[in-house]
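Letters A, B, ... mirror the listed sequences (proteins, then strands); counts begin at 1.
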Amino acid sequence: MITDELSAVPGVSSTSEQDYAAKGYHCLHEASPGSLPALAAIFRQRGFHLEHLTCLDMRADDDCMCLVYQFNRQDVPERHVIHSRLAPGEAGTSISEQFIGADWYEREVFDMFGVGFDGHPNLLRLLTDDDYIGHPLLKDFVDADPQRDVFAVDAKKDGVANEAANE
Amino acid sequence: MAEAHDNTEELLEQLGPLVHLSKLETLLNHARANSLWPLTFGLACCAIEMMAVGASRFDLDRIGAGVFRPSARQADVMILAGTISRKMAPVIQTLWDQMPAPKWAIAMGGCTIDGGPFKYPGQYAIVEGADKIIPVDVYVPGCPPRPEALFAGLLKLEEKIKAGRKGPEMVN
Amino acid sequence: MSSVPGPAMELVRDDEDRETYYLNMGPQHPSTHGVLRLRLHMEGERILSVFPVIGYGHRAHEKMAENRDYLMFLPNTSRIDYLSGMIYNLGYCQAIEKIMGIEVPERTEYIRIIVGELNRISSHLLWLGTYLLDLGGITPFLYCFDDRERILDILDSISGSRLTYCYGRFGGVTMDVDDAFLESTAAFCSYFHERLDEYEDLVTDNVIFRQRTEGVGPFSADLVQRFGLSGPCLRATGTRRDVRKDEPYGIYDRLDFEVPVGKTTNGDCFDRHTVRMAEMVQSLHLIEQAVRDIPDGPVMAAKVPKKIKPPAGDYYFAVESARGHFGMYIYSDGTDTPFRIKLRTPSFAHVSAMTEALVGTMLSDTISILGSIDIVIPEIDR
Amino acid sequence: MKTDFIQLFGNPWLAIGAAAVIVMGYLTVNSLMLVWLERKFSARIQRRLGPTEVGPFGLLQTAADMLKLISKELLTPAHVHRPLYLIAPILVFAPIMALCTLFPVSEHWVIYDYDLAVVLLLAFSGLNVIGIFAAGWGSNNKYALLGAVRAVAQNISYEIPLILAILPIVLMTRSLSFYEITSAQAAFPFIVVQPLAAIIYLIAATAETNRAPFDIPEAESELVAGFHTEYSGMRFGLFFFAEFSNMVIVCAVATVLFLGGWSGPLLPGFVWFFIKVYALILVMMWVRWTFPRLRFDQLMTFAWAVLVPLALINLLVTTVAIKLL
């Protein structure tokens, strides 16, 4: 287990073993967004791959957006989950140099949650329209006019209504 | 559906072009009905059932509709098989415009009728219903509809064509 | 004469001063297996760079998971990857059972093996048919669909649907299987063994098929690690990794089956083909073992909580779908509606790997590689 | 003994008119039947039924298709180079009509016995490539242009093995007229003497008519619909029509050169001729529905690295054999 090497990285605040049978992963790390590239580099050397990267909109209870990274080995299963909490407006740091696969995961988090990633090659929307305004997976997301006639209204103008509704 | 045939005359009267070769019109309509070339155009799960209809057991080619044309220029009927996402709607509109008249549209599956299993308040990603973007001729319910249902949908479209329905006119 | 319009082929001089152009393998293309769009930057027939545009099949599964409770999300699971709908559906049930600690009777475990592996074979058959359709051979598609129809009949007889099953429940399955089902499954297994040999002779040993797939689209170990590939694409590069073996769920640890693996370390299209064909054989073994020693007994667990309210916290559960490692990251806040369900789907990683795997290949090879990784579009866009 | 249309009608203009009517009639009926045959034949290979609803055994299916195509809206997209776009179908179809007149159907009947028939055949079979290229380039669509470029490269590189496969026959019979070549095969069909040339000819002929495994120009899975992506209605019908007529021409040449045209026991001459032609067509259809498609560069290496050397060796062996005998 490489937990000792990981916790040596400056930004990592806590590492805790987890009961694999109940939780499905081996250990949980709390890390600051800045320390992610360093962690990713360690995982990269030790033959881990990025299983997925997602975000949790926890602005309601403890006022932060929590990024969830998950790494795993490809030969013997050893799953590490990293929670990295961001203030609502703050941006994470991209790990697409170490894992080019993260490029799309980060674009999806940006598209769905609005969390930016500095250092990302081309941070565009991944799943929704390029000119879509608003981030759908946020808890307080309101689609101004869900079934608008797709052609009659220009997406830009309609987007402004979306923006207003979300303020 | 025997009575569908004898109301052809009234339908043709409604059209009312100057010169009416009704016998030729009927002949052409029967030809069009019996050689519907669908556009290869699968969106989601229903596309797999559309392929199953083209395969050996249900064999769409028996009624002359087995020639799946990839290019919209040579297709007569657009079978919308699957969920229409908000990002895909303009593409479907362009494809529909590229198809030469007379053309028809079959909305296959719950998603193309009114959003199907993905219809809920606050659904931001899909267009709930194909008739919001293109005029639809035949609706085939089911999620996904069984191949027999799509086959019946095509036969229903054939009856509609034989009764002299040139193609859906855009209302707006 | 009308004015001659500008050429559609606007040649763009790129940095190395080559005459290049942009070709749109657009959302509607016969061999993108759905609504995937690849913006290819090409020079002549060779591809310089690929920019996949996805999202045309985005149906907001994860947003729907957040406004309905755990049981109501069940039908969605088989519509994420409708080719291995049964595996996804049962996988979701097994995830919730593991979280809630619900014990499943023995008979259900065996039924889940039979039904899951049948679904895997039907998915691989559809892949084989459409892959050869991409390579230009039209006839095998019909034979593969014919066999697939037999599997769909068997699955239809117990679950009622052909493609998007909702056969699993938390704590068991909806309908018990009768002897007719077991006999027809056993009959199918024996029939399908010779059929696979037929496919071996007709397809695998076909000269033109070999030329179109051998050495095409090799995936290096580095690429596999950086993109996080899984399933047949990973196993074709020699790593023996299968969720059924590494993190066994259900009774996969009791049944014996091997995990077929490609010969070389950078597995090309042909290796992916051989791995999938061998996987079908392994699935047949699994089904035969399960049909042989399925015990009697109930199909539904004795006590299942009415309202599923998992204790707060995050859980992860993975299953081996026909395309690879399908994982569900469930974050629950103690209520009956999930706070967040992240669906980690294999095709998402496979299509993102296309940005590197397709560079430098010819257009026909792009189709061959794209077909060999066996993608399902709504699984990518969720 | 041999009557051709000019002797029959006296005035050459009348002969041309009659020839045009007969050829056009035959090609139309033949294309209708061939499309129906291909759909039924491929259905049988693929364990399905093929058209059965329209007319007895689905015989009127292609008639319905043609009627529908005729009554379709003739769409000329705005971004299209009009002159090239409109001339292309005619360019593809015209040479085939001319070629039809050369074949000696039986000892007594030939529409026009031209003593340089082989040269005319090779010239015209090169012509329809120009039509395909005009279609691809004219429709100003990237897929169509890719298809057109591929069609030109493929047809040119398969023209060489075609010629080299025909040369041994011409050397053996010392004549270029189909009539003499066929009458020279009264004793035994040339395929017995020249099996390699026959095989090379058939492969090159499949490539000439752009049929699988050489259907790279209109590769459905890669280039949407290849060079006829932008064509709709009867223009697309014409390409369909030309492809099947071209198939008949190519098989007729194969029968004349290798299978001894009208010679055969019992049945009258022209019956044998058509039996052999349609047998070869069935073989071509059978090949189409069994093989996947070659990649573009493999196709070229196959032509230049395999077919051309083989044909040259065969030519060499034939000349040496003729010299000795």
Atom group of C/Ile138 that falls short of 4.5 Å from chain D, counting heavy atoms: both
Interface moiety of C/Glu45 toward chain D, non-hydrogen atoms closer than 4.5 Å: side chain
No-hydrogen, no-angle side-chain donor-acceptor test under 3.5 Å, C/Arg272 and C/Ser372: yes
Strictly below 4.0 Å, N to O, side chains only: are [X] and [Y] in salt-bridge contact?
X: D/Arg39; Y: D/Asp65; value: yes
X: D/Glu218; Y: D/Arg293; value: no
X: C/Arg195; Y: C/Glu198; value: yes
X: C/Arg148; Y: C/Asp146; value: no

Selection from C/Thr366, C/Val207, C/Asn206 maximising heavy-atom pairs under 4.5 Å formed with chain D: C/Asn206
Chain D contacts, top residue of C/Phe209, C/Tyr143, C/Phe141 (heavy-atom pairs, under 4.5 Å): C/Tyr143
Which atoms of D/Ser139 approach chain C - backbone, side chain, both or neither, heavy atom under 4.5 Å: neither
Contact origin within D/Gln298 toward chain C - heavy atom pairs under 4.5 Å: side chain
